[in-house]
Asks: 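Sharing a structure with you now.
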Amino acid sequence: MRAWAEYPWPMSPAQALALRDRLGWTSSPTKEWMFTTDHGIGEKDASFTDVEADRGTRTVVSFHLSLTSRIPKPVRAEAVPITERAFDAYVEALTAVYGQGARSRSRGVLSVTWTPPSDTLVEIGTVGWVIDVDVDSPAGNEIARGEAQYFDEIADENDVPYIDIDNPDS
């Protein structure tokens, strides 16, 4: 995940494929943007997303990596505490590199996010026996900040006190 987070963005799809190959990961035979990493879960566990940036030029906006595999139902309960310890170890390792991350919980998903010097957004999340990590490009991170600011401004504009015209003193 650090190779993706610390890459000198912007990243073209060709550069993403070269990074995938440099890491020794195996491409899907039908979808080159999906691949299998070398951490041994034996399934397509990583992918990147690209979008059209300008007049047919494409750019990578995010990278996704599953750090756990599917668990058979009979052993899921025993996998949860193991997953929690693994998640804590990943968070500790990323904190050692990027400093304290921002923790949040939404719909049962515990996540921690960092914004490294590359201005990417690194987010690791867990629920049950699943751990995933996402890296958003600096451009995607900037768009997210702009959206957040826009919605904050709308909320401020809508904070105008309500005046009941039938009872202006209320």
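Positions are given from 1 along the sequence. The structure displayed is predicted, hence computed values, not measured ones.
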Asks: Can you name the residues that form a side-chain hydrogen bond (donor to acceptor under 3.5 Å, both in side chains) with Q149, not counting sequence neighbours?
Replies: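 Partners of Q149 by the side-chain hydrogen bond (donor to acceptor under 3.5 Å, both in side chains) criterion, ordered by chain and then number, come out as E153.
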Asks: Side chains of E52 and T59, heavy atoms from C-beta outward: is any pair under 4.5 Å?
Replies: no
Asks: Provide the full list of salt bridge (Lys or Arg N to Asp or Glu O under 4.0 Å) pairs with a residue in residues 1-25, sequence neighbours left out, each pair given once.
Replies: R2-E6
Asks: Which word best sums up how the rings of F35 and W25 line up, parallel for under 30°, tilted for 30 to 60°, or perpendicular for over 60°?
Replies: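 Judged by the thresholds at 30° and 60°, the geometry between F35 and W25 is parallel.
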Asks: Indicate yes or no: at least one non-hydrogen side-chain atom of F48 is less than 4.5 angstrom from one of V135.
Replies: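 Sidechains of V135 and F48: no contact.
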Asks: Nearest 0.5 angstrom please: T83 OG1 to L67 CG, how far?
Replies: 10.5 Å
Asks: Say whether F87 and V75 are linked into one hydrophobic cluster, either directly or through other cluster members, by side-chain heavy-atom distances under 4.5 angstrom.
Replies: no
Asks: Could you tell me the separation between the CG atom of D136 and the OG1 atom of T113, rounded to the nearest 0.5 Å?
Replies: 10.0 Å
Asks: Run the side-chain contact (heavy atoms from CB on, under 4.5 Å) test on R107 and V127 for me, step by step, so that the C-alpha distance in whole Å, both residues' side-chain angles and the decisive distance to 0.1 Å come before the verdict.
Replies: CA-CA 9 Å; R107 296 186 207 141; V127 61; over 6 Å; no
Asks: Taking atom CE of M1 and atom CG of D134, what is their separation to the nearest 0.5 Å?
Replies: 10.5 Å
Asks: Between the side chain of S118 and the main-chain N/O of A5, is any donor-acceptor distance below 3.5 Å?
Replies: yes
Asks: Do W114 and Q100 touch side chain to side chain, with heavy atoms closer than 4.5 Å?
Replies: no
Asks: I would like to know whether V133 and V122 meet side-chain contact (heavy atoms from CB on, under 4.5 Å); could you show each step before the answer?
Replies: CA-CA 7 Å; V133 66; V122 177; 4.3 Å; yes
Asks: Could you see if V61 belongs to whatever hydrophobic cluster contains M34? Use Ile, Leu, Val, Met, Phe, Trp, Tyr and a side-chain cutoff under 4.5 Å.
Replies: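 Different hydrophobic clusters.
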Asks: Are L17 and W33 packed together at the side-chain level, in the sense that at least one heavy-atom pair is separated by less than 4.5 angstrom?
Replies: no
Asks: Ignoring hydrogens, what is the shortest heavy-atom contact between P138 and T120? Give both atom names and the distance.
Replies: CD-CG2, 3.7 Å
Asks: Please examine the side chains of T115 and N141, heavy atoms only from C-beta on, and report whether any two atoms are closer than 4.5 Å.
Replies: yes
Asks: I124 versus I131: any side-chain heavy-atom pair under 4.5 Å?
Replies: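 A side-chain contact exists here, since the closest heavy-atom pair is under 4.5 Å.
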Asks: Using the test side-chain hydrogen bond (donor to acceptor under 3.5 Å, both in side chains), find all partners of S104 that sit at least two apart in sequence or belong to another chain.
Replies: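 Partners of S104 under the side-chain hydrogen bond (donor to acceptor under 3.5 Å, both in side chains) test: S111.
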Asks: Could you name each residue pair satisfying salt bridge (Lys or Arg N to Asp or Glu O under 4.0 Å) that touches residues 82-99, not counting sequence neighbours?
Replies: none
Asks: Among residues at least two apart in sequence or on other chains, which ones pass side-chain hydrogen bond (donor to acceptor under 3.5 Å, both in side chains) with R145?
Replies: D119, E142
Asks: Under a 4.5 Å side-chain heavy-atom rule over Ile, Leu, Val, Met, Phe, Trp and Tyr, are Y98 and L65 clustered together?
Replies: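 Shared cluster, yes.
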Asks: Scan for ring pair (Phe, Tyr, Trp, His ring centres under 6.0 Å) pairs involving residues 53-72, sequence neighbours excluded, and state none if there are none.
Replies: W4-F63
Asks: Look only at the side chain of S28 and the backbone of E32, and say whether a donor-acceptor pair between them is shorter than 3.5 Å.
Replies: no
Asks: Under a 4.5 Å cut-off applied to non-hydrogen side-chain atoms, are V112 and E123 in contact?
Replies: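 Heavy-atom side-chain distance check fails, nothing below 4.5 Å.
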Asks: Flag yes if I82 and V130 sit in one hydrophobic cluster, no otherwise; membership is Ile, Leu, Val, Met, Phe, Trp, Tyr, and two members link when side-chain heavy atoms are under 4.5 Å apart.
Replies: no
Asks: Going by heavy atoms in the side chains, are Y7 and Q15 under 4.5 Å from each other?
Replies: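 Side-chain contact under 4.5 Å: yes.
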Asks: Mind checking the CZ-CD1 spacing from R76 to I71? Nearest 0.5 Å is all I need.
Replies: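 So the gap between those two atoms works out to 8.0 Å.
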Asks: Using side-chain hydrogen bond (donor to acceptor under 3.5 Å, both in side chains), reason through S66 and D132 one step at a time and then give a plain yes or no.
Replies: CA-CA 4 Å; S66 295; D132 287 332; 3.1 Å; yes
Asks: Over all heavy atoms of both residues, which pair between A16 and V60 is shortest? Give the atoms and the distance, please.
Replies: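 In terms of heavy atoms, the two residues are closest at CB-CG2, 3.8 Å.
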